[in-house]
Amino acid sequence: MVATQPLTDTIAITRTFDGIEAAAHRVIAQAGGMASVVKDARIAVLKPNFVAGRSAETGSTTSFALLKAVAEEVRACGAEPVLCETPGTEFDREATYTILGVEKFCEENGIRIARVDPEGGEQDWLELKPSGAKRLRTFHKPKFMQDACYINLPVLKTHVVSAMTLSMKNTMGILPRPDRRSMHTFGIDQSIVDMNLGIKPDLIIVDGSVGQDGEGPLYGDKADLEVLIAGHNSLAVDLACCDLVGIKPRDIPHLKLALEQLGEPAWNVVGENPGLIKQFRLPEQKKLYRFIFWLMYPLDYPYTMLVERGKHFCTTLYGTGLVGNRPQIKEANCTHCGKCVEACPLPNVINLQTLKVNYKTCQRCLLCFEACPENAISVKGYSGLRQA
């Protein structure tokens with residue numbers, strides 16, 4: 001299915017004071033109802049933000065309560081809800097699903113998980129070449145989405161690379177990893193605009209129940225916004241989100257480009273209009289960090305020619321424990337209570353005998369850090385976040 005964007009979008013805004021599920025059903029109705037989205041599609045693709053194994057309570061990932069409500073609405077219209085999401089390239093998909101509990105949640109709520117080949121095998125992917133694209137001129141989406149409706153479920157949060165990550169950027173998670181590498185290599189901001197020329201959601205619901213401020217998208221400050229924002233035009237929805245957190249859209253590079261190239265969309269607000277909920281602080285733009293982060297992607301081209309399929313330069317680099325936000329155990333404080341091992345959902349990450357973290361298996365969810373009763377775990381990284 002190809003989404004048709006209305007000339008004037010209806011942006012529905014509702015608070016989640018009575019619970020996320022109730023608010024989700026309400027905001028869907030305010031935005032025109034799920035029947036107008038599903039139409040005659042047999043499948044509705046649900047695209048959350050599961051960038052890494054950090055829970056929705058931290059403002060990092062999409063709430064399961066929102067997914068549950070959307071799936072119920074989809075089934076009520078006679079379509080099958082299918083979850084499609086691959087986390088960031090530096091994170092393992094199955095490990096991320098394990099940490100978040102995605103398998104159990106989807107099984108309990110009748111949501112099928114589409115495990116497309118993240119490395120871009122031809123049998124799973126459909127090539128797109130949207131007219132007007134400037135940098136990302138060729139990319140792919142899952143073939144099974146061709147006749148499905150697409151429901152985008154991002155989180156309202158900041159991002160250390162793109163400044164903000166809302167609906168326009170969230171679609172990146174359904175692309176294969178080689179295309180994501182191209183986006184970073186050729187210029188992430190223009191590539192986000194180009195991607196949205198080829199993939200347009202039928203419905204967007206931004207999860208602002210808990211967002212993330214400052215050094216997002218994983219290790220920023222939790223923001224209890226208690227709001228959901230729904231619409232059909234990605235740029236309009238993102239502009240409305242910026243209004244709620246006091247961000248000037250032209251301070252977000254990809255939104256600035258989108259406004260210049262696509263024009264400013266028209267929309268009207270229904271439901272509630274709470275005004276400024278919280279003044280967000282954008283991440284500090286560190287040139288060295290941005291350069292190092294960018295460099296990982298062009299270096300990945302020769303790297304993937306030398307290693308087994310599925311391995312990437314950034315995965316290997318983060319696995320060394322030399323970069324990124326990673327937990328470290330302070331021997332002087334540790335009582336060997338084992339709370340960290342109990343909290344970690346993955347095997348072979350923490351060795352209580354050596355007090356070492358295996359960074360090849362660690363997914364940097366920080367559950368060990370949060371569980372330690374002795375303040376024996378600190379988190380190190382380039383940004384200096386959460387250092388003790």
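Donor-acceptor pairing under 3.5 Å is lacking for the side chains of Asn325 and Lys380. No side-chain donor-acceptor contact under 3.5 Å links Asn348 and Thr361. Remark: the Gln212 side chain and the Ser60 side chain contain an N/O donor-acceptor pair separated by less than 3.5 Å.
Between Arg75 and Glu80 no salt bridge is recorded (no basic side-chain N to carboxylate O distance below 4.0 Å). Of the charged side-chain nitrogens involved, at least one lies within less than 4.0 Å of a carboxylate oxygen, so that Lys278 and Asp213 count as a salt-bridged pair. Between Arg15 and Glu272 there is no salt bridge, since none of the side-chain N atoms of the basic residue sits less than 4.0 Å from a carboxylate O of the acidic one.
The side-chain contact (heavy atoms from CB on, under 4.5 Å) search around Cys106 returns Leu83, Val102, Ile111, Ile113, not counting sequence neighbours. Not counting sequence neighbours, the partners of Glu260 by the side chain to side chain donor-acceptor pair (under 3.5 Å) test are Lys256. The side chain to side chain donor-acceptor pair (under 3.5 Å) test applied to Thr171 returns Tyr150, not counting sequence neighbours. Listed by chain and residue number, nothing satisfies the side chain to side chain donor-acceptor pair (under 3.5 Å) test with Ser36 (two or more places apart in sequence, or in another chain).
The stretch residues 347-365 participates, sequence neighbours left out, in no salt bridge (Lys or Arg N to Asp or Glu O under 4.0 Å) pair at all. Legend: ring pair (Phe, Tyr, Trp, His ring centres under 6.0 Å) pairs involving residues 159-208, not counting sequence neighbours, sorted by first then second residue: His184-Phe293, His184-Tyr297. Listed by first then second residue, pairs satisfying salt bridge (Lys or Arg N to Asp or Glu O under 4.0 Å) with a partner in residues 173-195 read Arg181-Asp300, not counting sequence neighbours. Listed by first and then second residue, the salt bridge (Lys or Arg N to Asp or Glu O under 4.0 Å) pairs that reach into residues 159-176 come to none, sequence neighbours excluded. Listed by first and then second residue, the ring pair (Phe, Tyr, Trp, His ring centres under 6.0 Å) pairs involving residues 88-131 are Phe64-Phe105 (not counting sequence neighbours). For residues 21-32, every residue pair satisfying the side-chain hydrogen bond (donor to acceptor under 3.5 Å, both in side chains) rule, not counting sequence neighbours, is listed here: Thr14-Arg26, Asp18-Arg26, Glu21-Lys68, His25-Glu72, His25-Glu73.
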May I have the list of side-chain donor-acceptor pairs in residues 335-347 shorter than 3.5 Å, sequence neighbours left out?
residue: His336; atom: NE2; partner: Leu352; partner atom: O; Å: 3.3

Side-chain donor-acceptor pairs of residues 224-231 under 3.5 Å, sequence neighbours excluded:
none

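By the neighbour-count criterion of 12 heavy atoms within 6.0 Å, atom NZ of Lys143 is densely surrounded, having more than that number from other residues, nucleotides or ligands.
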